[in-house]
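All remarks here apply to the structure that follows.
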2 protein chains.
Amino acid sequence: MSTHRPTDPGGAPLDDTDRLLLEHLSKDGRASYAEIGLLANLSATAVRRRIDRLRARGVVRGFTVVLDPALLGWRTEAFVEIYCRERTSPEELLASLRQFPEVAAAWTVTGDPDALVHLRAADTRHLEAVIERIRKEPGVQRSRSSVVLSRLIG
Amino acid sequence: MSTHRPTDPGGAPLDDTDRLLLEHLSKDGRASYAEIGLLANLSATAVRRRIDRLRARGVVRGFTVVLDPALLGWRTEAFVEIYCRERTSPEELLASLRQFPEVAAAWTVTGDPDALVHLRAADTRHLEAVIERIRKEPGVQRSRSSVVLSRLIG
DNA sequence: TATGAAAACCCGCCTGA
DNA sequence: TCAGGCGGGTTTTCATA
């Protein structure tokens, strides 16, 4: 996905240089501007200015450390499809899910279930407990889970 | 999830200081060691040593830039459940999915489908085309998709 | 783009538990 | 022995023009 070029984004589209900088930063988010500049034949100052601009535009939301969840002790993950009660708004659902640190991600989706929740837990025991608590949330009618066997990509 | 403490990870477990450093780095992956040190009452050197150690242990996999997919032109996402043919190995599936830059993430899962694929595309037209191509992969028998309406968390 | 001052980094060496 | 602090030479950042 890093090289594929989607259709014209809103605002001024990124040029190839921006793409190069972002590609490098996605591999090493702490790379110095000078180092990145070598790659793009740019001075460190120019690199910084471009990144500042991308930041201001919102293209760059920030920088973060990439952790290994398994080595942090989160060895079990699952996807839980949530079926809401009638009149449960996405805001209510969000408020419910926000309580759980085990919720790694969540989306509202089309189709039979109303939402899809990505859970991370220490082990299956922990996972079971979290799912149980989510099922008891007032806006949640029922749920259907599948445990992750292995991460292929991402 | 940043503060919850899972069960004893393999190897030496992280102490509270490590946790503090990682929490700060997850919010700002380019924060200076000195700045992080202020938070933890540590010198920049000590911070750097700890992070180097976490890196060596694999807990820290690296650093990266956080981009806004929408502003990059990826405005449509979907989850696709993949049902494989018999004898399709995870490796084959991985090889198939690797071809598509639109595959943001993919996992093998328990339950009815064999895998769950997170797709990012420019628009629904693009999404449809990608799903069509994935369905034609030899190891894939059928698929079932739901389009993401909104990202709640993650 | 260039320059220069301030800040951050990185390395060896030392201390103390 | 292992984690943390100190000193300094080098690199990087960042606001000038």
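The sequence lines fix the lettering, A, B, ..., with proteins before strands; numbering per chain opens at 1. Given the structure is predicted, the values throughout are model-derived calculations rather than measurements.
- For A:H118, the ring-ring contact (aromatic ring centres under 6.0 Å, His included) test picks out A:F79, B:W107, with sequence neighbours left out.
- Going from atom CG of A:N41 over to atom P of C:dT1 covers 11 Å, rounded to whole Å.
- In this structure, B:R135 forms no cation-pi arrangement with B:Y83, as its terminal cationic atom is not both closer than 6.0 Å to the ring centre and no more than 45° off the ring axis.
- Judged by distance alone, the side chains of B:Q141 and B:E86 never bring a donor and an acceptor atom under 3.5 Å apart.
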### Query
Going 5' to 3' along nucleotides 6-13 of chain C, which nucleotides have protein heavy atoms under 4.0 Å from the base (write B), which only from the sugar-phosphate (write S), and which from neither (write -)?
--SSS-BB

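- Here the OG-CG distance, from B:S146 to A:D112, works out to 10.0 Å after rounding to the nearest 0.5 Å.
- Across A:R48, A:R55, A:R49, A:R50, a single residue satisfies salt bridge (Lys or Arg N to Asp or Glu O under 4.0 Å) together with A:D52, and that is A:R48.
- Put simply, chain B comes within 4.0 Å of DNA chain D, heavy atom to any atom, from D:dA3 to D:dT13, going 5' to 3'.
- Considering only heavy atoms from C-beta on, A:L22 comes within 4.5 Å of A:L54 through its side chain.
- A salt bridge links B:E81 with B:R144; the closest basic N to acidic carboxylate O contact falls under 4.0 Å.
- The pair B:R120-B:E102 does not count as a salt bridge, with every side-chain nitrogen at least 4.0 angstrom from each carboxylate oxygen.
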